[in-house]
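A short worksheet on the structure shown next.
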Amino acid sequence: MKLLPGHSLRARLLAFLLAAIFLAALVQGAIAYRGALVQTDEIFDYQLQRTALALGNGNPLFSTGPEGGLLDDPAARDLIIQIWTPDGVRLFRSTPKLVLPDRVVLGFSTVEADGATYRMYSMEAPLQIIQVAQDVRVRTGTARTLALRTIWPIAAMAPLLMLVVWWVISLSLGPVDRTRRQVASRQADDLSPVSEAGLPDEVRPLVHELNLLLGRVRQAFDAQKQFVGDAAHELRSPLAALKLQLQSLRRAQDDATRQVAVTRLAAGIDRATRLVEQLLSLARQEAQGPALAAVDLGDVVRTALADILPQAHARGVDLGMEGAASARIAGQDEALVLLVRNLLENAVKYAPESGRVDVRLSTGPQGVTLDVDDNGPGIPQVERGRVFDRFYRAHTADTPGSGLGLAIVKAIADRHHATIELLDSPLGGLRARVLFPSPTR
């Protein structure tokens, strides 16, 4: 397992937590060890002091004998005791072979004798001076033993605590690793939601958003599959018609028949070209993101009117605009021009010869409203919800078309967060109304 800090959350947690535990145990052990040494020294100093006080009070801590009086308590035989008279005569010595310096420094002091260091306590009694000393090596050895006994539980608990931390982190990040394996083992076409069960609260929102993204991608894929299927179906007929018209052109016996076949072939090519252009426009509008900017819808309508005006004049349709001269919304000019142009093209196409098409632009508290009215046959109420589907054409339609114009309009309106509805027109035909939200909303 990699424990160095990197991009792995588990590695970073383990590295920092285990290092913190190790450093904390090290510092605590050092403090405990130092404290044990100090406390042991204090206890030994207290023992020296209490021994000297007991001797000064005449307590029988030792007995006299041929060797000068050895301590009877084996636990205290590392103590060296000497008793002097005020004028310097030695009265007692617990170790005949070791003589401490006869200098008298009352209280605690450190002396050297026979190559060893002794901690000594001297006190003055009424008729004598008492010296109690102890070898520093004995004190140090005992102190270290006690200090080690103090820190070994810390040394034993640190690895155990590290093991617990490793186990807790591994257990806590287990669901995250499970989710990673689940996603890694998926096929490219598997866009089902990722399980959120057991995930930590910090990770669950991320997986939730991932599931929402997968849902949007799945919808986009489904739409593209439907689009490809519908496009293949709709292109099959124009291409077959073009093939038949080409065969008719080849079989033509005279110039008149040949000219009719060429005209029909050119019209078929135009219809196929228009169908491909609309398919590409629909795919582009559904695929583009919502990058919107401030747009004057009045300018957009005037641009679309200029594009459709020749077609309207060719059919004698009266095309006009009324209402607000300008209205600012958040949108994309090219997409909005395509939306208005498709609405106008449908209105001009289905309006009768010398008919009328009116465009009205108005602003209100709800936003900007665009109305396109015509005096054509209209669309039955039961079919108005379906005409926005791809390649769907109303049963009352008697003009050629691909059924993609309103589908493109609906895609552009959705991208601009606008609503579109089909109503009865005051002119007697159909009114297409698009409501754009205000930029400040």
Side-chain angles (χ1 to χ4, degrees), residues 21-158 160-161:
I21 292 173
F22 176 77
L23 292 177
L26 189 63
V27 172
Q28 185 178 5
I31 294 175
Y33 183 82
R34 181 61 182 169
L37 292 178
V38 172
Q39 291 179 0
T40 305
D41 280 340
E42 291 176 353
I43 292 173
F44 279 126
D45 286 346
Y46 179 75
Q47 181 186 13
L48 293 179
Q49 188 178 25
R50 296 304 300 173
T51 302
L53 290 174
L55 292 173
N57 293 332
N59 292 334
L61 295 179
F62 59 92
S63 59
T64 59
E67 298 299 329
L70 299 174
L71 293 176
D72 292 332
D73 185 3
R77 286 180 182 174
D78 58 336
L79 296 178
I80 303 170
I81 301 172
Q82 291 187 154
I83 301 176
W84 304 78
T85 62
D87 54 359
V89 178
R90 186 183 296 112
L91 299 178
F92 175 79
R93 186 177 63 206
S94 62
T95 54
K97 296 181 180 180
L98 177 63
V99 179
L100 296 175
D102 55 2
R103 60 180 180 175
V104 176
V105 179
L106 298 180
F108 290 100
S109 61
T110 302
V111 299
E112 300 283 341
D114 291 344
T117 304
Y118 293 89
R119 179 71 167 170
M120 185 171 61
Y121 179 75
S122 303
M123 65 167 290
E124 185 177 5
L127 299 177
Q128 56 190 4
I129 294 175
I130 301 173
Q131 293 176 322
V132 183
Q134 188 176 38
D135 194 336
V136 172
R137 291 175 298 180
V138 175
R139 294 164 61 97
T140 303
T142 306
R144 288 178 179 174
T145 301
L146 293 176
L148 291 175
R149 290 179 182 177
T150 303
I151 66 172
W152 79 261
I154 301 176
M157 287 298 296
L160 180 61
L161 185 58

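In what follows, every heavy atom counts, from backbone to side chain, and hydrogens, waters and symmetry copies are set aside.
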Notebook entry, point to check: Distance from Thr40 atom OG1 to Gln47 atom CD, nearest 0.5 Å?
Noted result: 11.5 Å

Next item on the list: With sequence neighbours excluded, tell me which residues meet side-chain contact (heavy atoms from CB on, under 4.5 Å) with Thr117.
Entry: Thr110, Glu112, Val136

Note to self: If the condition is salt bridge (Lys or Arg N to Asp or Glu O under 4.0 Å), which residues does Arg137 pass it with, not counting sequence neighbours?
What the structure shows: Asp135

Checklist line | For Thr140, all residues meeting side-chain hydrogen bond (donor to acceptor under 3.5 Å, both in side chains), sequence neighbours excluded | finding: none

Notebook entry, point to check: Who are the side-chain contact (heavy atoms from CB on, under 4.5 Å) partners of Glu124, not counting sequence neighbours?
Noted result: Leu106, Ile129

Checklist line | Rounded distance (nearest 0.5 Å) linking atom CG of Leu48 with atom CD1 of Ile43 | finding: 12.5 Å

Notebook entry, point to check: Hey, what do you get for CD (Gln128) to CE (Met123), rounding to the nearest 0.5 Å?
Noted result: 8.5 Å

Check: If you measure from CD on Gln134 to CD1 on Ile81, what distance do you get to the nearest 0.5 Å?
Finding: 11.0 Å

Check: Which residues satisfy the ring pair (Phe, Tyr, Trp, His ring centres under 6.0 Å) test with Phe108, sequence neighbours excluded?
Finding: Tyr121

Check: Which atom names give the shortest non-hydrogen contact between Ala52 and Ile130, and what distance separates them?
Finding: O-CD1, 3.8 Å

Note to self: Please enumerate all residues that pass side-chain contact (heavy atoms from CB on, under 4.5 Å) together with Ala158, with sequence neighbours excluded.
What the structure shows: Ala25

Note to self: Test of understanding: with salt bridge (Lys or Arg N to Asp or Glu O under 4.0 Å), list the residues that count as partners of Asp45, not counting sequence neighbours.
What the structure shows: Arg119, Arg139

